[in-house]
Amino acid sequence: MDFDISEILGTLSPLTLTTAINLIKTDEPFILKSRLGKNVIRMLDDICVFEVEEGSYNLAPVGFPNDPPSLVNISRKRKRYSVVPPQIFLRDRITASEVNKIRTASQNPINMTRQDKATAYDQIVAVKQTGLRRLIDRRVEWFFAQALNGKIDYTSDEGRQFTFDYNLPEATKFTASDAWDKSGNPIHHLRQLAKQFKALNNQLAPDLIIMGGKAGDAFMNSEHVEGWMKSPGVQLFQNKTELAKGEAQPIGILQGAELFEYSATYENAAHKAVPYLDEDYVYLTNSTLWRLFYGAISDFDAGNPPLVARDIFSKSKASEDGKALDIFAESHPLPVIVSNLGVVKAKVL
C-alpha cells in the first residue's frame, strides 16, 4: 500500500500535539514530582530567575509609630539565581507500516479510508506520546531526588554536563543515635527530626517525610512502630509489614506530615537498578518551599515569536520520502527549593 503520511499531517499541528502531551497523566508512583512539584512556574524566557532564602529566621524588627526602622540587620538574606534549565529532547518514530497494522480484523490496508488512516494514526501517536511523557516524568522525578540530596550533577553520554548545587548546609544533616534496625525508635526519632526542622524553618512544620527503601523496611519491622500503629487516633494509609519493592508506598500521617516509603528505582547507563533516594536515609521537607520551574522553549514551530512556555512542547516532522514520521517532545524543567534550610536529611541505618 502506498501510504503517504503527509496526507494527514495537517490535522496534528504543534499546538494540538503539545496540548495532547500535556494532558497525559502517567500512572507511575511519582511521589516527589506530585508532592514537591505542585507549584509550577512557566518562564517566558529560557532562563529561570528565582531567589533562595539563606540563614535563620528571626523576629521582625520593631520601630516607633509612624517611624519604621530604616536599617535592619538580621541573619536572613536572599540570593538570586539565574539558571538555564537542562534540556530534555526526545524523538520517537512512526512508520507507515506501523499505522497499517492498527486496524480492525475486517479491514484490508488497501481499502482503508482516509478516516481509518487518521484514526490509526491518532492511536499510535497517543502511544508514542505517552511513552515520551513517561520518560520525561521519570527524569523530573530524578531531578527532585537529586535536589533532596543537595545537588544535580548530570553528564550525558556525549559528555555534556549540567550541575546545580542547592547549597544545603551541614546544619540540616543528622545521624540517628540508635539505628532503626537495632534498638532505635523510629517514631521518637521522626518526632525529634520534625522539631529540628521547625527550629530551622521559623516553626514551619514538615508536611512530607520520605524514607529510602531500607529505612522503610526497618521502620515497618520495628516493634516500636507496630505499637504505634495500634494506638488510638493513628491515621494510616496502609498497614503492611513489608512494602512492595520498586514502588512509592504511603504509610500514614505523623503529626500532620505524610509518611512514605520510597524504594523506586531506575536503570542507569550500565543497566543497573539504582534507587532514586539513598536507601539508608529519611528526608523531611515542606512542599510549600518547592517550585517546579519550566524554561520557555525556543522553536519556530511554536509560532512567532518562537517561544512556548509549557511543561512539554511536542511536534512532528515527516521524512523526505513520506513513509516515516518523527514525534518530538521537549521540556526544560528545574526543581527549585526557596530555602536552603528546607530539607532535613538523616541517616537511620
Side-chain angles (χ1 to χ4, degrees), residues 5-6 8-26 30 32-33 36-52 79-94 125-126 128-144 146-147 151-166 290-320 324-338:
I5 285 182
S6 60
I8 48 180
L9 268 180
T11 63
L12 288 179
S13 66
L15 177 60
T16 303
L17 288 169
T18 297
T19 300
I21 199 169
N22 277 276
L23 291 175
I24 293 172
K25 302 297 182 183
T26 55
F30 294 127
L32 305 182
K33 182 177 183 293
L36 303 180
K38 292 183 293 186
N39 299 312
V40 177
I41 299 176
R42 299 173 183 89
M43 305 302 290
L44 300 178
D45 200 349
D46 56 0
I47 297 177
C48 296
V49 180
F50 53 91
E51 289 185 342
V52 176
K79 186 174 181 181
R80 173 163 287 197
Y81 291 87
S82 298
V83 180
V84 178
Q87 178 194 63
I88 299 174
F89 190 78
L90 299 173
R91 179 182 70 176
D92 204 352
R93 171 157 283 195
I94 300 173
V125 167
K128 299 289 186 180
Q129 284 202 316
T130 299
L132 296 175
R133 178 63 191 251
R134 181 176 291 111
L135 289 173
I136 291 174
D137 280 348
R138 287 179 67 84
R139 177 57 75 183
V140 176
E141 184 82 345
W142 183 86
F143 282 155
F144 275 110
Q146 298 300 299
K151 184 178 182 180
I152 294 178
D153 193 353
Y154 172 76
T155 303
S156 70
D157 295 338
E158 297 79 24
R160 300 181 66 183
Q161 187 175 31
F162 175 82
T163 301
F164 184 74
D165 196 329
Y166 290 85
W290 292 82
R291 308 287 183 269
L292 177 53
F293 279 78
Y294 285 96
I297 296 163
S298 246
D299 194 313
F300 274 106
D301 287 327
N304 191 11
L307 285 171
V308 56
R310 299 293 289 269
D311 297 8
I312 303 175
F313 177 65
S314 183
K315 65 179 182 180
S316 60
K317 293 290 183 183
S319 61
E320 291 185 2
L325 184 73
D326 288 321
I327 302 292
F328 297 91
E330 184 176 356
S331 184
H332 300 180
L334 180 68
V336 167
I337 182 167
V338 297

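Rounding to the nearest 0.5 Å gives a distance of 11.0 Å between CD1 of I21 and CZ of F313. Put simply, CG on N22 and CD1 on I312 are 5.5 Å apart, with the number rounded to the nearest 0.5 Å. Within the model, atoms CD of E330 and CD1 of I297 stand 4.5 Å from one another, a figure rounded to the nearest 0.5 Å.
For K33, the salt bridge (charged side-chain N to carboxylate O under 4.0 Å, His left out) partners at least two apart in sequence or on another chain are D137. Among residues two or more places apart in sequence or in another chain, the side-chain contact (heavy atoms from CB on, under 4.5 Å) test is passed with D165 by K151, N167. For T19, the side-chain contact (heavy atoms from CB on, under 4.5 Å) criterion is met by L15, L23, R310, not counting sequence neighbours. Not counting sequence neighbours, the partners of L90 by the side-chain contact (heavy atoms from CB on, under 4.5 Å) test are I88, L132, L135, I136. Take R160 and apply the salt bridge (charged side-chain N to carboxylate O under 4.0 Å, His left out) test, not counting sequence neighbours, and it matches no residue. Listed by chain and residue number, Y81, F293 satisfy the ring-ring contact (aromatic ring centres under 6.0 Å, His included) test with F50 (two or more places apart in sequence, or in another chain). Residues passing the salt bridge (charged side-chain N to carboxylate O under 4.0 Å, His left out) test with D92 are K128, sequence neighbours excluded. Listed by chain and residue number, S156 satisfy the side-chain contact (heavy atoms from CB on, under 4.5 Å) test with E158 (two or more places apart in sequence, or in another chain). Residues satisfying the side chain to side chain donor-acceptor pair (under 3.5 Å) test with S331, not counting sequence neighbours, are none. The side chain to side chain donor-acceptor pair (under 3.5 Å) search around R93 returns D326, not counting sequence neighbours.
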Hey, can you pull the donor-acceptor pairs under 3.5 Å for the side chains in residues 37-46, sequence neighbours left out?
unit_1: K38; atom_1: NZ; unit_2: S287; atom_2: OG; d: 3.4
unit_1: N39; atom_1: ND2; unit_2: W290; atom_2: O; d: 3.2
unit_1: R42; atom_1: NE; unit_2: D311; atom_2: OD1; d: 2.7
unit_1: R42; atom_1: NH2; unit_2: D311; atom_2: OD1; d: 3.1

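A donor-acceptor pair under 3.5 Å is absent between the side-chain atoms of Q146 and the main chain of D153, judged by distance alone. For the pair T18 (side chain) and S314 (backbone), a donor-acceptor distance under 3.5 Å is present.
Scanning all heavy atoms of the two residues, the minimum distance from F144 to P335 falls at CE2-CB, 3.4 Å. For the pair F143 and I152, the tightest heavy-atom approach, listed with the atom from each and the gap, is CD2-CD1, 3.9 Å. Considering all non-hydrogen atoms of both residues, P85 and P333 come closest at CB-O, 3.9 Å. Summarising the geometry of R134 relative to F30, their closest heavy-atom pair is O-CZ, 4.3 Å, with the distance given to 0.1 Å.
The side-chain heavy atoms of I47 and V84, taken from C-beta on, include a pair separated by under 4.5 Å. Residues F162 and V83 form a side-chain contact, since some pair of their non-hydrogen atoms from C-beta on lies under 4.5 Å apart.
The stretch residues 292-304 participates, sequence neighbours left out, in these salt bridge (Lys or Arg N to Asp or Glu O under 4.0 Å) pairs: D299-K315, D301-K315, D301-K317.
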Report the C-alpha distance between S316 and L17 in whole Å, list the side-chain angles of each, state the deciding distance to 0.1 Å, and finish with yes or no for side chain to side chain contact (heavy atoms under 4.5 Å, CB included).
CA-CA 8 Å; S316 60; L17 288 169; 3.7 Å; yes
